[in-house]
Amino acid sequence: MPLHKGNGKHHERPMSVNPFFGEANPVAGMDEAPPTHRLPAGPLPPSTAYQLVHDELMLDGNARLNLATFVTTWMEPQAGVLMAECDDKNMIDKDEYPRTAELERRCVAMLADLWNAPDPTGTIGCSTTGSSEACMLAGLAMKRRWAQRNPDRYPATARPNLVMGINVQVCWEKFCNFWEVEPRFVPMEGDRYHLDPQAAAELCDENTIGVVGILGSTFDGSYEPIAELCAALDALQERTGLDVPVHVDGASGGMIAPFLDQDLVWDFRLPRVASINTSGHKYGLVYPGVGWALWRDREALPEELVFRVNYLGGDMPTFALNFSRPGAQVVAQYYTFLRLGRDGYRAVQQASRDVATGLARRIEDLGDFRLLTRGDQLPVFAFTTADHVTSYDVFDVSRRLREGGWLVPAYTFPKNREDLSVLRVVCRNGFSKDLADLFVEDLSRLLPELRRQPHPLTHDKGAATGFHH
């Protein structure tokens, strides 16, 4: 099945061109309006092409009012200039763009130091297009290490499996599908919306390639207990001899916890943590798309997966699924690291957490909602309607907020808690206290109308959900 399927029945219409776009000849644009679904016969002036695309994109949602996405929606103008200067540099050509490659290597070393790697300067890591690619790489490394330990059984009889909470991001399901690994999910239970360490350990066997711990669940913003998970797997090894590594998916929390939760032990301080990923384009504060994958030492990343490039007369190891991509996001990450430093990151992330906890408290005070989380881990919180609310549901709230430009996802939790539907708010740099005030004002203004509804108006919750990431 094709990934992008059309019905082949596009209504062919010319695009409307304002006469002013014609500049020297105002009627030219109207006489030569380009089609929408086939290449125009000839070229357009750049200003006309720009304006046509610009005007159509105005119908997109406002990224700054998007409380669904974790992705950075604001950067300083200087970062934008640097990114534009590097758009033409291909990140894969490290020998041709050695300074860009050097900035990537410095970012890896900075993250290794931030995450307490045993040898930050010697830690192996790479940039990726985002956490999804980084997770694929980490999973592939775990599978290859397991295969090396089981050459007599794999691939003949043994089937590898990966243990994780059912709240994992969909990229982990894709990894298992693409690389033929059995996913073993720890279900949600009651008010526990993420992985239980003991339950995860009980799902492990001799074919388990690793366990994934999430530092910041996308469902509710909560941290999974990584140290407790490692302790449960330590106990499993003592009982059975099984040595199961842990990968920490720190897509969001990997750039929050080091600054705001410094006493929380979740990173390479735990010997069982073999690898960590994060999204530079989430709380790393860079426009999409850039992610990072790091391994604690050379043993954690099998040498046979590493490709080597001649770099400044030396050797540059590379490990990636994607090839050609611009160096702009890596350069922007290095700029942001230099620009903020530890104190700057701490200030920015604390501001986001303060907005999240304050906004969560104000929503709870409205009386119509019950909080599942409070934004005191990731600057993210989830809430649902209170038990006494029967005239509307979270999908009605999401739909009505969208009328004011606010994009707030409503979605149903997975297996074992499919009875629970929630709204989720992601607070990022750029979503200020002033914007939070406006959000509460708009939500408060909608409540009287929602309360007067005879019943919830959503008939198909599956179609109404705004949660796809």
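Everything quoted here is computed from the prediction, not taken from an experiment. Heads up: numbering here begins at 1 and tracks the sequence.
- Annotation for Val422 and Ala382: closest pair CG2-CB, 4.3 Å, computed over non-hydrogen atoms.
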Taking it one step at a time, do Arg424 and Asp220 satisfy side-chain contact (heavy atoms from CB on, under 4.5 Å)? CA-CA 7 Å; Arg424 186 197 66 199; Asp220 64 355; over 6 Å; no
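- The pair Asp113-Arg342 counts as a salt bridge, with a side-chain nitrogen and a carboxylate oxygen less than 4.0 angstrom apart.
- Salt-bridge annotation for Glu102 and Arg106: present, with a side-chain N of the basic residue lying under 4.0 Å from a carboxylate O of the acidic one.
- Asp437 has a carboxylate O that lies under 4.0 Å from a charged side-chain N of Lys433, or vice versa, which qualifies the two as a salt bridge.
- Close placement of the Trp295 and Phe319 rings is indicated, their centers lying within 6.0 Å of each other.
- Residues Tyr193 and Phe219 place their aromatic rings such that the two centres sit no closer than 6.0 Å.
- Under the 3.5 Å distance criterion, with hydrogens and angles disregarded, a donor-acceptor pair is assigned to the side chains of Thr73 and Arg428.
- Between Phe175 and Trp179, the ring-plane angle classifies as parallel under the 30° and 60° cut-offs.
- In this structure, the side chain of His247 does not engage the main chain of Val212 through any donor-acceptor pair within 3.5 Å.
- With Gln329 contributing its side chain and Val286 its backbone, the two residues share no donor-acceptor pair below 3.5 Å.
- Shown here for Leu195 and Asn167, the closest heavy-atom pair between the two residues is N-OD1, 3.8 Å.
- If you look at Tyr223 and Trp266, their ring centroids are not closer than 6.0 Å.
- Salt-bridge formation is detected for the pair Glu182/Arg184: a Lys NZ or Arg NE/NH1/NH2 atom is positioned less than 4.0 Å from an Asp or Glu carboxylate oxygen.
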